[in-house]
2 protein chains.
Amino acid sequence: MREKKAMTQIDRRTEKLTTALRRAGVRITRQRAALLSVLAEAEDHPEAIELQRRAEAVVPGISLSTVYRTLTELEHQGVILRHQFEGTPARFEHSEARHHDHMIDVETGEVIEFANDRIEALQAEIAEAMGYEIVHHRLELYVRRKRAPGDPD
Amino acid sequence: MREKKAMTQIDRRTEKLTTALRRAGVRITRQRAALLSVLAEAEDHPEAIELQRRAEAVVPGISLSTVYRTLTELEHQGVILRHQFEGTPARFEHSEARHHDHMIDVETGEVIEFANDRIEALQAEIAEAMGYEIVHHRLELYVRRKRAPGDPD
DNA sequence: CTCTAGTTGCAAGTGATTTGCATTTGCCTT
DNA sequence: AAGGCAAATGCAAATCACTTGCAACTAGAG
Ligand SMILES: [Mn+2]
Ligand SMILES: [Mn+2]
Ligand SMILES: [Zn+2]
Ligand SMILES: [Zn+2]
């Protein structure tokens, strides 16, 4: 039942994360390998504790310290992103996808991604006009689902 | 030496903050009065501890808990804003000025304000297009001063 | 001036994340 | 295959920025 040929997108992501760690000269331990594939598989923006839960399926005893330590290293290598949304612990995602910003539904906590080139361009212009260049930025829209006229509660 | 007529801008701001607290049904204590005028006078984005330091000029023993408690109340009344920039404790400012966003010089920590209607409009459009309305948002540009060609180090 | 509910300062508690340290463990070197 | 050792792990304790419990105060209505 083991596929030999098909390298899935997730495998590729896992490899990229692994490579980043090797490049940093760190060892690929069981716990790290588990965490890397959990990150590669994630479609959402999980917190450290949730990543630990998911990794425990493979490495039962993995500690939260190890999760945090590895996340910090991966962040330094630039292969994952750490987001600090309002009112929650930090959330993480791999940085494979191209840049995007986030909307957070204040009612449900759901995180929705979006990208807009005009906004990105405007930001750069503004900074430029004031004599600065952007190192990085953070744009978060805290939103509420809009009721269409005549919608039920 | 006491001016009777001239109500300065700062006096007006202090009054607005005071009114907000009274409206909330809370008492104007010595410590609160001090904090309110410190906030009204502030031209920058001070942290709670810095506000405490400034208030101590008037009320020597004012505790940090009281500062935090009052700041939280003022925030709930909508007369001050709490900003959570990366890597620092929360910073505060009165909300007299119209809406603006912030650039943070990653080298110096300096906070620079800016406002751009096109960005604001675009944000609203994006949310709208996805069926949401914006409750509030957060746009922070982490920047570095740009070296003009031929500038000294 | 009195009375009392709101407020204060202080100490202790929280929640997320980091760190110290003794014990394992990857993995390069024989 | 075995050895050696720096790096990594797990656990407990520490940190940081606030928040909260509580007994002693005090603003301010009557
Ligand atoms: Mn995302
Ligand atoms: Mn500002
Ligand atoms: Zn962006
Ligand atoms: Zn804005």
Side-chain angles (χ1 to χ4, degrees), chain A residues 17-39 45-56 58-77 80-93 109, chain B residues 17-39 45-77 80-92 109:
Chain A
L17 296 174
T18 306
T19 304
L21 282 192
R22 284 198 206 290
R23 196 188 322 130
V26 306
R27 295 175 184 167
I28 308 304
T29 59
R30 267 172 318 127
Q31 17 284 80
R32 279 177 176 161
L35 188 53
L36 297 186
S37 73
V38 161
L39 278 166
H45 300 80
E47 310 178 356
I49 285 206
E50 172 60 17
L51 289 167
Q52 181 197 28
R53 263 191 291 271
R54 295 183 194 178
E56 277 195 303
V58 182
V59 187
I62 186 171
S63 79
L64 195 50
S65 328
T66 294
V67 170
Y68 272 115
R69 277 190 281 241
T70 304
L71 288 172
T72 298
E73 185 60 47
L74 290 166
E75 187 191 10
H76 287 156
Q77 295 305 313
I80 66 168
L81 295 170
R82 178 192 301 249
H83 300 294
Q84 192 59 256
F85 300 137
E86 289 177 5
T88 62
R91 311 180 83 90
F92 303 83
E93 69 177 323
Chain B
L17 296 175
T18 305
T19 304
L21 283 192
R22 283 199 204 290
R23 197 189 319 132
V26 305
R27 292 176 186 167
I28 308 304
T29 59
R30 269 173 316 127
Q31 19 283 80
R32 279 177 177 161
L35 188 53
L36 296 186
S37 74
V38 162
L39 277 166
H45 300 80
E47 309 179 355
I49 285 204
E50 172 59 19
L51 289 167
Q52 181 197 26
R53 264 191 290 272
R54 296 183 194 179
E56 278 195 303
V58 183
V59 187
I62 187 170
S63 79
L64 194 50
S65 329
T66 294
V67 172
Y68 273 115
R69 275 189 282 239
T70 305
L71 288 172
T72 299
E73 185 60 47
L74 290 167
E75 188 192 9
H76 286 156
Q77 295 305 313
I80 66 168
L81 294 170
R82 179 191 302 249
H83 300 294
Q84 191 59 256
F85 299 138
E86 289 178 5
T88 61
R91 309 180 84 90
F92 303 83

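Order of the sequence lines fixes the chain letters, A, B, ..., with proteins taken first and strands second; residue numbering starts at 1 for each chain.
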5'-most by nearest nucleotide on DNA chain D - A:Val67 or B:Ala90: A:Val67

Contact letters for nucleotides 19-30 of chain C, in which S counts primed atoms plus P, OP1 and OP2 and B counts the base, heavy atoms under 4.0 Å: BB----BBS---

Salt bridge or not for B:Arg69 and B:Glu73, using N-O below 4.0 Å? no

If you walk 5' to 3' along DNA chain D, what is the first nucleotide with an atom under 4.0 Å of a heavy atom in chain B, and what is the last? D:dA17 to D:dG28

Test A:Glu86 against B:Gln84 for side-chain contact (heavy atoms from CB on, under 4.5 Å), laying out the working first. CA-CA 9 Å; A:Glu86 289 177 5; B:Gln84 191 59 256; over 6 Å; no

Give me the residues of residues 51-63 of chain B where at least one heavy atom lies under 4.0 Å from an atom of DNA chain D, by number, or none. none

Check whether the side chains of A:Arg32 and A:Thr66 place a donor and an acceptor atom closer than 3.5 Å, and report yes or no. no

Test: A:Arg53 and A:Glu56 ion pair at under 4.0 Å: no

Within the structure shown, what part of the strands sits under 4.0 Å from B:Glu73 by heavy-atom distance: base, sugar-phosphate, or nothing? nothing

Sidechain-backbone polar pair: A:Gln52 side chain, A:Ile62 backbone, donor-acceptor under 3.5 Å: yes

Might you confirm whether atom CD1 of B:Ile49 has over 12 heavy atoms from other residues, nucleotides or ligands at distances under 6.0 Å? no

Could you tell me the separation between the CD atom of A:Gln84 and the C1' atom of C:dA16, rounded to a whole number of Å? 9 Å

Is the shortest side-chain heavy-atom distance between B:Arg30 and B:Val58 below 4.5 Å? no

Can you tell me how far C1' of C:dA16 sits from CD of A:Glu86, to the nearest Å? 17 Å

